[in-house]
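Take a look at the structure set out below.
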Amino acid sequence: MTAKISYDDVEVGMELPAQAFPVSRATLVQYAGASGDFNPIHWNEKFAKEVGLPDVIAHGMFTMAEAIRVVTDWAGDPGAVAEYGVRFTKPVVVPNDETGALIEVSAKIAAKLDDDDRTVRVDLTAMSAGQKVLGMSRAVVRLA
């Protein structure tokens, strides 16, 4: 597989299509089962509040994975992501209601890194409940 986006077709400042990802308590249980991360702060409201959290929170790695989907969907190939890193700045609080939480992700081309390697740096912004939940969220993507 290879990226479907051509290096020659992107410019610094170009915005990728933004996406929003709903998160429910059921989503967190499914992720816990898949990842093996059964920390009670991700499913037990009483425990989460006892340790000082406002409520159950989404797994950091889940939040990180949802955010990079903006890049992989745009590139057309998850294997096009050569590097990806974030800092966890705020938790995604997931209330036990019909709505849950929403992770809203936008991204833009921040730099063209290497003409020979056809790589770009994409900077991502991930928000939930009006707060930035990932900081320094950056991916290096190898394009066609």
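The structure displayed is predicted, hence computed values, not measured ones. Index from 1, following the sequence.
Between the side chain of Asp37 and the backbone N or O of Asn39 there is at least one donor-acceptor pair closer than 3.5 Å. Asp117 places no side-chain N or O within 3.5 Å of a backbone atom of Thr119 that could act as its donor or acceptor partner.
With respect to Glu83 and Arg138, no salt bridge is recorded, no charged nitrogen being found less than 4.0 Å from a carboxylate O. Ion pair Arg121/Asp123 flagged as a salt bridge, since at least one NZ, NE, NH1 or NH2 atom sits closer than 4.0 Å to an Asp/Glu carboxylate oxygen. For Arg25 and Asp55, the salt-bridge test passes: some basic side-chain N is under 4.0 Å from an acidic carboxylate O. Look at Lys4 and Asp77 and you find no salt bridge, because none of the NZ, NE, NH1 or NH2 atoms lies under 4.0 Å from a carboxylate O.
The CE atom of Met136 lies 5.0 Å from the CZ atom of Arg87; values are rounded to the nearest 0.5 Å. Between the CD1 atom of Ile41 and the CD atom of Glu50 there is a distance of 13.0 Å, given to the nearest 0.5 Å. Here the NE2-CZ distance, from His59 to Phe38, works out to 8.0 Å after rounding to the nearest 0.5 Å. Distance check, rounded to the nearest 0.5 Å: OG1 of Thr89 to NZ of Lys132 gives 7.0 Å. Taken to the nearest 0.5 Å, the CD1 atom of Ile57 stands 11.5 Å off from the OG atom of Ser128.
Residues Lys46 and Pro40 have side chains not in contact (no heavy-atom distance under 4.5 Å, counting atoms from C-beta outward).
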Q. What do the steps show when you test Leu134 against Lys90 for side-chain contact (heavy atoms from CB on, under 4.5 Å), and what is the final call?
A. CA-CA 7 Å; Leu134 298 176; Lys90 299 275 185 190; over 6 Å; no
Q | Residue pair Asp115, Tyr7: steps toward the side chain to side chain donor-acceptor pair (under 3.5 Å) verdict | A | CA-CA 8 Å; Asp115 289 345; Tyr7 180 82; 2.4 Å; yes
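Contact detail for Lys108 and Gly13: the closest heavy-atom pair is CB-O, 4.3 Å. Between Leu28 and Ala58, the shortest heavy-atom contact is CD2-CA, 3.6 Å. Of all non-hydrogen atoms in Met64 and Tyr84, the two that sit nearest each other are O-OH, 2.8 Å.
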Hey, can you pull the donor-acceptor pairs under 3.5 Å for the side chains in residues 94-103, sequence neighbours left out?
from	atom 1	to	atom 2	distance (Å)
Asp97	OD1	Thr99	N	2.9
Asp97	OD1	Gly100	N	2.6

Under 3.5 Å donor-acceptor pairs involving side-chain atoms of residues 65-72, not counting sequence neighbours:
from	atom 1	to	atom 2	distance (Å)
Glu66	OE1	Arg69	NH1	3.0
Glu66	OE2	Arg69	NH1	3.4
Thr72	OG1	Arg69	O	3.3

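No more than 12 heavy atoms of other residues, nucleotides or ligands shown are found within 6.0 angstrom of CE on Met61. More than 12 heavy atoms of other shown residues, nucleotides or ligands fall within 6.0 angstrom of atom NZ in Lys112.
Following chains of ILVMFWY side-chain contacts shorter than 4.5 Å, one can reach Val81 starting from Val105, so the two form part of one hydrophobic cluster. Put simply, Phe21 and Val93 are part of two different groups of oily side chains (I, L, V, M, F, W, Y) that touch within less than 4.5 Å, one to the next. Cluster membership check: Leu124 does not share its hydrophobic cluster with Val140, using side-chain heavy-atom separations under 4.5 Å among Ile, Leu, Val, Met, Phe, Trp and Tyr. Both Val56 and Phe88 sit in one connected hydrophobic cluster of ILVMFWY residues. Membership requires side-chain heavy atoms under 4.5 Å apart, directly or through other members.
Under the side chain to side chain contact (heavy atoms under 4.5 Å, CB included) rule, Val120 has a single partner from Val12, Leu113, Ile5, Ile109, which is Ile109.
A perpendicular orientation is assigned to the rings of Tyr31 and Phe62, their planes being inclined by more than 60° (bins at 30° and 60°).
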